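Remember, it's a predicted structure, so these values are computed and weren't measured experimentally. Per chain, numbering begins at 1; letters A, B, ... match sequence-line order. When reading the values below, keep in mind they use all heavy atoms of this one structure, side chains included, and skip hydrogens, waters and symmetry mates.
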Amino acid sequence: MEITPQVITTAASLYELLDLLGEQTDPNNPVAWDTETTSLTPRDADLVGIGCCWGAGLTELAYIPLGHKSGTQLDVATVLEALRPILEGAEFPKVLQNAKYDRLVLRSQGINLAGVVLDTMLASYVLNPDTNHNLSDLSLRYLNVSAQSYKDLVPKGKTIADLDIAAVAEYCGADVHTTYRLTPLLKAELAEYPDLEQLFTTVELPLEPVLAEMEYQGVRIDTDYLGNFSQQLETDLAKIEAKAYELAGETFNLGSPKQLSTLLFEKLGLDKRKSRKNKSGGYSTDASTLEKLQGDHPVVDLIVENRTLSKLKSTYVDALPELVRLDTHRVHTDFNQAVTATGRLSSSNPNLQNIPIRTAFSRQIRAAFIPESGWKLVAADYSQIELRILAHLSEEPVLVQAYNNREDVHALTARLLFEKDDISTEERRLGKIINFGVIYGMGAARFAREANVDRTEAKSFIDRYYERYPAVFEYLQQMQREAIAQGYVQTLMGRRRYFNFTTTKLRDLLGSDPNQIDLDSLKRMSGYDAASLRAAANAPIQGSSADIIKVAMIRLHEVLKGYQTRLLLQVHDELVFEVPPDEWTELEPKITEVMESAVALKVPLVVDASSGPNWMEAK
DNA sequence: ATAGTCACG
DNA sequence: ACGTACGTGACTATA
């Protein structure tokens, strides 16, 4: 379909457009909007043009060129002021593909986007989390139309601003038209699934501006501190490298798994049975292998140390300062709301959800995350949220009661497993490993390795766990049966994760009564997809946790409106804020309360919050 | 582009 | 007998 937008280049046509848009107030027929810019990074993005699509019977399209390098255009400031009441007016319903991006672009221009009633990307994500949700995929899937690709439109080294107004008008017109046409289809599909519609309307859609705000704020980084850290690591790595060459009797690339494999298992003749074959035929040199090889040759320790330090240096110490913006002195991550299969967020460029914490040394990276001068950084995290959710969903009486009595559940598990009242720290540690392990469907082999016990002991531990917590066992099995019989499982808020079993026998069970499925007999058949079934048992737990923290973030965003305090980061069960000194005393109980009461479960949710001069010390 | 590895919850 | 704990993103080497 070829539809060419009207290109707005005169004041008269702009005011005509405003009149038409002023009439578009039907929330069931929102106007589709899209911005064309020069960069995927909103803060670097110059506005090149704005497109919109609306209509009652006839579909109408407009493109307003603003930043093309050539051609007649209206003044940006004039156009934005004219559009402001529409763009900022909640009474003018809008639909966008990935509204967070356009919101950030417009925000840089001083416009606060309001009235977004649908985001096609988020609607698609809620309906079908395990697919892609970019506009061209949606276009193909829902409309059977293949979209013109950005790459084909914009030559290498150029931006959209270099192109003719007519070409961009065509491209932008197609995008807003696609967005507009997707709207009724996605709305209708959501209407078929009331739980998903509710999830979309009350969680995903309102979360989007919260994430936009977090990204806009960014987090301050102490680049001097990282610079010193980098130099220190550089010195240490050079020494390690020299020593490793000396011990190996030759030089080699410490960063090459292939060369390491050859060195360890061929040249030095170390025990191949302590490793595993990898896909490319070599032997794995991963951390667990190296651990087993420790003591067999002195070079092993140096390889381990090199791995740790070079990972730290390249991924964090050197990478983070590169991403600090010169204008804000902060890093602005991208929170992706539509990538994970379970409903979690993800973070990229940089990923601020995997900043080291597990060892005292690597944790030092967190000291580089600092608040505005004179402020505090605050971390508030949910205590054992997934285990609490498991207790709630399984209704396991022993666990539910324990949490309600504010007991130490890892210690309780240890007492039940060891069948005694006084347990050691080591025994509690095993209780903790197994409590977390069941959430993922851990087997005896893994538990044996983690807990440092033998296989048979591990097996009997796991068996006893399920004897002590029979409802947990029942629940996890029930989720697997539902995945097979329904083809999906659900979270607390109705979020779905779908499963497609390829084995005929499993597929034949789709549509059957989950309670009639005998998992034990299925286990013995070939093609039994154990990994998918573990994912099915895990998804409601991981996904419900995501539901809960998303609700908390939305409510907190409202609460914080009267304060200077800002929400900066989300790390799955933790929120990080920066807080001016005079606000923390008042806000601490408020923040904790909002997080703890995000949903009411059969067990209490508990939040631990603390503040410090940086992220390392806010713990 | 893909594989291997490793950082987090 | 084997291999398996779920979910992510980034970096380096190598093709």
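- Remark: P of dA5(C) and CD of Glu450(A) are 9 Å apart, rounded to the nearest angstrom.
- Nucleic acid contact for Asn351(A): sugar-phosphate only, since backbone atoms but no base atoms lie under 4.0 Å from a heavy atom of the residue.
- dA5(C) and dT5(B) have their P atoms separated by 16 Å, with the value rounded to a whole Å.
- Heavy atoms of Ala535(A) sit under 4.0 angstrom from primed sugar atoms or phosphate atoms, though from no base atom.
- At a threshold of 4.5 Å between non-hydrogen side-chain atoms, the residues Gln384(A) and Tyr403(A) count as touching.
- Counting only heavy atoms from C-beta on, Thr315(A) has its side chain closest to dC11(C) among dA13(C), dG7(C), dC11(C).
- Residue Val571(A) has its side chain nearest to dG9(B) when only dG9(B), dG7(C), dC11(C) are considered.
- Formation of a donor-acceptor pair under 3.5 Å by the Ser261(A) side chain with backbone atoms of Pro257(A) is not found in this model.
- Put simply, the side chain of Thr251(A) does not reach to within 4.5 Å of the side chain of Glu241(A), judged on heavy atoms.
- The CD-C1' distance, from Gln353(A) to dG9(B), rounds to 8 Å in whole Å.
- Put simply, CG on Asn349(A) is 17 Å from P on dT8(C), counting in whole angstrom units.
- Rounding to whole angstrom units, CG of residue Asn253(A) and P of dG4(B) are separated by 17 Å.
- For Ser362(A), the side-chain atoms get nearest to dC8(B) when compared with the rest of dG7(C), dC8(B), dC11(C).
- For DNA chain C, the neighbouring residues in residues 427-448 of chain A, judged by any heavy atom under 4.0 Å, are Phe436(A), Gly437(A), Tyr440(A), Met442(A), Arg446(A).
- As rounded to whole Å, 13 Å separates atom P of dG9(C) from atom OH of Tyr316(A).
- Checked against a 6.0 Å centroid threshold, the rings of Phe499(A) and Tyr488(A) do not count as neighbours.
- The phosphate of dA15(C) (OP1 or OP2) has a side-chain N or O of Lys258(A) nearer than 4.0 angstrom.
- Rounded to an integer number of Å, the gap from Lys311(A) NZ to dT12(C) P is 10 Å.
- Residue contacts shown for Ala539(A) are absent, as no nucleic acid heavy atom lies under 4.0 Å away.
- One donor-acceptor pair, N or O on each side, does fall under 3.5 Å between the base of dG9(B) and the side chain of Arg358(A).
- No contact: Leu345(A) has no heavy atom under 4.0 Å from any strand.
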Margin query: For Watson-Crick and G-U wobble pairs within 3.5 Å on both distances, what is DNA chain C written in dot-bracket notation, | included for inter-strand pairing?
Written below: .....|||||||||.
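- Across all strands shown, Gln259(A) has heavy atoms under 4.0 Å from sugar-phosphate atoms exclusively, and none from any base.
- In this structure, Ser347(A) reaches the sugar-phosphate backbone alone: every heavy-atom distance under 4.0 Å involves primed, P, OP1 or OP2 atoms, never a base.
- Taking only side-chain atoms of Val339(A), from C-beta outward, the nucleotide of dA5(C), dG9(C), dC11(C) with the closest atom is dG9(C).
- When the P atom is used for both dT4(C) and dG4(B), the distance is 12 Å, rounded to whole Å.
- The distance from atom CG of Leu569(A) to atom P of dG9(B) is 13 Å, rounded to the nearest whole Å.
- Atom P of nucleotide dC8(B) and atom CZ of Phe369(A) are separated by 12 Å, given to the nearest angstrom.
- Comparing dC8(B), dC6(C), dT8(C) by their nearest atom to the side chain of Ala531(A) picks out dC6(C).
- Nucleic acid contact class of Arg363(A) (heavy atoms, under 4.0 Å, all strands): none.
- Contacts between residues 275-308 of chain A and DNA chain C, defined by a heavy-atom separation below 4.0 Å, involve Arg276(A), listed by number.
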